[in-house]
2 protein chains.
Amino acid sequence: MGRPKNFEPDVAVAQAMETFWTKGYAGTSPADLAEATGVGKGSLYHAFGSKRELFGKALDLYGQVGSEMTEAFLNEPGTAKERLRAYLALLVDIDLDGPVRRGCLAASTALELGGKDPEAIRAVQRMTDATIGLFADRIRKGQRDGDVAKEVDADAQAHFLMNTVVGLRVMAQTHDGPVLHRIIDTAVAGL
Amino acid sequence: MGRPKNFEPDVAVAQAMETFWTKGYAGTSPADLAEATGVGKGSLYHAFGSKRELFGKALDLYGQVGSEMTEAFLNEPGTAKERLRAYLALLVDIDLDGPVRRGCLAASTALELGGKDPEAIRAVQRMTDATIGLFADRIRKGQRDGDVAKEVDADAQAHFLMNTVVGLRVMAQTHDGPVLHRIIDTAVAGL
DNA sequence: TCTGTTCTTGAACTACAGGTCAAAAATTGG
DNA sequence: CCAATTTTTGACCTGTAGTTCAAGAACAGA
C-alpha cells in the first residue's frame, strides 16, 4: 500500500554509479545525482538515506557487474593466456574508448576514501579478491587443459595480474593504447 | 622592499603537498591548507593565487622529490634486479608504514582529475615518464654490467615496472605486506 | 469515501567552500 | 621620518553541499 515509487531503485543506483564513476565521490553532489537519475533530491534521500549509502549501493553494483563480465569473458574459448590477455586488452580499450577518461571506480575509491572510510575499503577489497579468484580459477583450468605449465603458481600469477589491471586502469588516464598494450604483452609473458 | 613574507613559500608548498596527498584535491579546503601551513587563508591566496595553482606547485614538488629519491636509490650498489626489487619494496613499505594510508598523489590525481584537468594530467604524465626513464636507464646499466640478459627489452620492462608500481600503490590501500611483496617477486621475474 | 501508508515536491536551513577586499603592519630607500 | 611597496589579518561575500521537513499526491484496504 502507499503511493508507488516513481522510479526503479535499481536503475537509479546504476545511474548514480555512472555519476560517481565519472566525478568521484566527493565530486558528486546531491544535485548531480538528482539530475543523473531524474529523481528529486528529496526522493533520493527518502529512498536511500544519504549520499554515502547510495554510494555503497553503487559500489556493490559496480563489483557485481564487473564480476559477471569478467567471469563470462574469461571462459570463452581459448587458452588461459589468450583469454587473460584479451581481458586486459578489453579493459584498456573500454577505458580509452569513452568520451571521458574515468578509470576504475574501485581504484578511485581506494585512493579517495582510503584511511577514512574503512567500510568502503572493505568493499573494494572484496571485489578485488573476487577478481583474483576468477583469475586463479582460469589459470588452474589452463593447467588442467595443458596450456599453462604445471610449475606456474596460479595464485601468485592471479594476484600479479590483478595488480597489473589496477595499474593499467590508472595509466589509461595518462598514456595511450600502444603503450598500454605493450605493458599487457610484458605482463602475460609469465604464463 | 615591502613587508617581508612571514613564511617560506617552499615549506608551505611542501605542507600543502602533504595535505593534498592525504585528503585529495577536492577533499582539501582552503581552511585545511591554512591550518597545515600555519599561513592565513588570505596570505595563501595572495602568494599563490588559487587553490589550483598551489596544487600545481605541490604536484611539481611531489614529482621532483620522487624523482630524486628514485634515482639515488636505484644507483646504490647491487644488480639491476636487486635494486629494482628493493625500490618497489621500499615504496610498498612506506605506503604501509604511515599512520594513514594515502597511496600515491600522482595516481590519485590521475583518477580524480582525469578528463577534467588536462594540465594536471600532463603533469602526472611527465613524472611518470621520468620514472620510466630512470627504470630503463638502470636496466640498460644492468645489461652493460652483465647482470641483465641482452635480450631483455629495457624500455618495455621499464614501462611494465612503472605499471606495477602504480598498481602496488593502489593495492596498498586494500592489501597487506605479504601479498604485495609476493606481487613484487612475480613482477621482477622477467629481469 | 474515509483512513492509514508511502512517496514526491519544493522550500528551507546550516555549514562551509572558495575567494575577495580594505585596512593595518612591516619593511627599504630617500 | 616620509613615501612607496609588499604582506598580513580578518571580516565579508556568493554559491553550493548535504540534509531535513512540511505539505500534498497516489495508492490499498475497510
Side-chain angles (χ1 to χ4, degrees), chain A residues 1-59 105 108-109 112-113 116-120 123, chain B residues 1-59 105 108-109 111-113 116-120:
Chain A
M1 56 177 107
R3 178 173 177 168
K5 271 196 169 62
N6 212 348
F7 63 97
E8 219 63 54
D10 292 354
V11 174
V13 170
Q15 290 161 327
M17 181 190 78
E18 297 290 334
T19 307
F20 283 125
W21 194 349
T22 304
K23 315 182 79 157
Y25 178 69
T28 300
S29 69
D32 292 330
L33 293 167
E35 188 185 349
T37 58
V39 178
K41 251 190 326 179
S43 292
L44 284 179
Y45 274 87
H46 180 70
F48 298 107
S50 70
K51 177 181 163 183
R52 178 62 184 80
E53 287 178 75
L54 176 52
F55 180 71
K57 305 246 186 203
L59 246 195
L105 179 59
S108 304
T109 300
E112 184 177 352
L113 270 39
K116 70 176 166 197
D117 190 332
E119 181 50 40
Chain B
M1 55 177 105
R3 178 171 177 169
K5 272 196 166 66
N6 214 348
F7 63 97
E8 220 64 54
D10 292 354
V11 174
V13 169
Q15 290 162 327
M17 180 190 79
E18 297 291 334
T19 308
F20 283 125
W21 194 351
T22 304
K23 315 182 78 157
Y25 177 69
T28 300
S29 70
D32 292 331
L33 293 167
E35 188 185 350
T37 58
V39 178
K41 242 190 336 177
S43 292
L44 284 178
Y45 274 87
H46 180 71
F48 298 106
S50 71
K51 178 181 163 182
R52 179 59 184 83
E53 286 178 75
L54 177 52
F55 179 71
K57 305 246 187 204
L59 246 195
L105 179 59
S108 304
T109 301
L111 288 174
E112 184 177 354
L113 269 40
K116 72 176 164 193
D117 189 332
E119 181 51 38

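Letters A, B, ... mirror the listed sequences (proteins, then strands); counts begin at 1. For the numbers below, each heavy atom of this structure counts, side chains included, while hydrogens, waters and symmetry mates do not.
Crowding of K116(B) atom NZ: a count of heavy atoms from other residues, nucleotides or ligands under 6.0 Å exceeding 12.
Listed by first then second residue, pairs satisfying ring-ring contact (aromatic ring centres under 6.0 Å, His included) with a partner in residues 3-33 of chain B read F20(B)-Y25(B), F20(B)-F55(B), W21(B)-Y62(B), Y25(B)-F55(B), not counting sequence neighbours. Pairs passing the side-chain hydrogen bond (donor to acceptor under 3.5 Å, both in side chains) check and including a residue from residues 34-48 of chain B, sequence neighbours excluded, do not occur.
Along DNA chain C, read 5' to 3', the first and last nucleotides having any atom under 4.0 Å from a heavy atom of chain B are dA17(C) to dT28(C).
Residues satisfying the side chain to side chain donor-acceptor pair (under 3.5 Å) criterion with R52(B), sequence neighbours excluded, are D117(B). Scored by the salt bridge (charged side-chain N to carboxylate O under 4.0 Å, His left out) test, K23(B) finds D32(B) as partners (sequence neighbours excluded). With sequence neighbours excluded, the residues forming a side chain to side chain donor-acceptor pair (under 3.5 Å) with T22(A) are R102(A), listed by chain and number. For the side chain to side chain contact (heavy atoms under 4.5 Å, CB included) test, residues two or more places apart in sequence or in another chain that qualify with A14(B) are L61(B).
Side-chain contact check for L54(B) versus L33(B): some heavy-atom pair is nearer than 4.5 Å.
Mapped onto DNA chain C by nearest heavy atom, G40(A) and D32(B) fall at different nucleotides, with G40(A) at the one closer to the 5' end.
Residue contacts shown for F48(B) are absent, as no nucleic acid heavy atom lies under 4.0 Å away.
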Worksheet, complete the sentence: Contact string for nucleotides 18-27 of chain D, one letter per nucleotide 5' to 3', B = base within protein heavy-atom range under 4.0 Å, S = sugar-phosphate only, - = neither, reads BBB---BBBB
